[in-house]
A.B. asks: 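Pasting a structure below so you can have a look.
Side chains are part of it too, since the values below use all heavy atoms of this structure and drop only hydrogens, waters and symmetry mates. Both counts, for ligands and for their atoms, begin at 1 and track the order of listing.
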Amino acid sequence: MDYALPVPATPSLPIRESDARFPVHRIYCVGRNYAAHAIEMGHDPDREEPFFFQKNPDTLVLDGRFPYPAQSSDVHHELELVVALRSGGTDIAVDAAQASVFGYAVGLDMTRRDLQAQMKKMGRPWEIGKAFEQSAPCSEIVPASLIGHPEQGAVQLFVNGELRQDGDLNQLIWKVPEMIAYLSRLFTLAPGDLIFTGTPAGVGPVQRGDRLRGTIAGVAELEIEVV
Ligand code: MN
């Protein structure tokens with residue numbers, strides 16, 4: 001094949017205990033999936049239908065450095081369990097969904113909250129608040145063959161050593177298989193897709209120089225510095 005321009009590299013993530021890398025296809029993100037976070041953002045915590053937005057795969061950050069983005073003075077951390085798919089399809093049944101999971105990771109859905117709030121108010125799409133450059137720091141992928149499929153475990157974010165977000169995977173409103181099934185009715189899921197599964201309460205602003213350490217018990221750890 002002859003291309004008119006250089007072909008962009010495939011974004012990918014390292015895999016624990018493997019020399020192979022995980023090629024990333026799409027990044028789906030789920031909103032308001034922990035009741036306490038829905039409440040802190042001013043919404044009803046009842047089990048309303050899940051909703052989704054996307055980030056582009058080339059917004060993944062792997063080198064531990066998160067550059068404070070342009071056009072915002074209120075950039076928030078959202079620590080999230082990330083699900084990495086080995087297979088996809090449409091209309092996946094809840095019972096069959098777990099078999100499509102390759103593994104899990106710890107991710108940060110970094111958010112220009114001021115721009116997101118403006119877009120919400122105007123009823124416009126969220127991309128400028130959510131899908132900016134390097135908005136998706138992510139850890140290595142940990143295969144389910146090593147850790148199974150975690151359904152509980154502390155989800156904690158520390159900023160400069162101070163605990164800011166503190167939740168548990170057992171508080172997810174929509175469970176991982178339900179999210180996969182739901183998404184697969186709206187999109188054709190594919191091998192290499194990532195799903196950011198929503199954040200627990202305690203989101204807040206970051207500043208240049210902050211060191212963020214996110215941990216999900218039984219999964220992995222992610223450290224970044226805001227530069
Ligand atoms: Mn989020």
A.B. asks: Taking the six-membered ring for Trp, are the ring centroids of F51 and W174 within less than 6.0 Å of each other?
C.D. replies: no
A.B. asks: Name of the D109 N, O or S atom nearest the Mn ion (ligand 1)?
C.D. replies: OD2
A.B. asks: In Å, rounded to the nearest 0.5 Å, how long is the span from OG1 of T111 to CH2 of W126?
C.D. replies: 8.5 Å
A.B. asks: Do you know which N/O/S atom name in E80 is closest to the Mn ion (ligand 1)?
C.D. replies: OE2
A.B. asks: In a check of ring pair (Phe, Tyr, Trp, His ring centres under 6.0 Å) between Y28 and each of Y182, F196, F187, which one passes?
C.D. replies: F187
A.B. asks: Identify the two heavy atoms, one from Q134 and one from P67, that lie closest to each other, and give their separation to 0.1 Å.
C.D. replies: OE1-CG, 3.4 Å
A.B. asks: Closest N/O/S atom of E78 to the Mn ion (ligand 1), by atom name?
C.D. replies: OE1
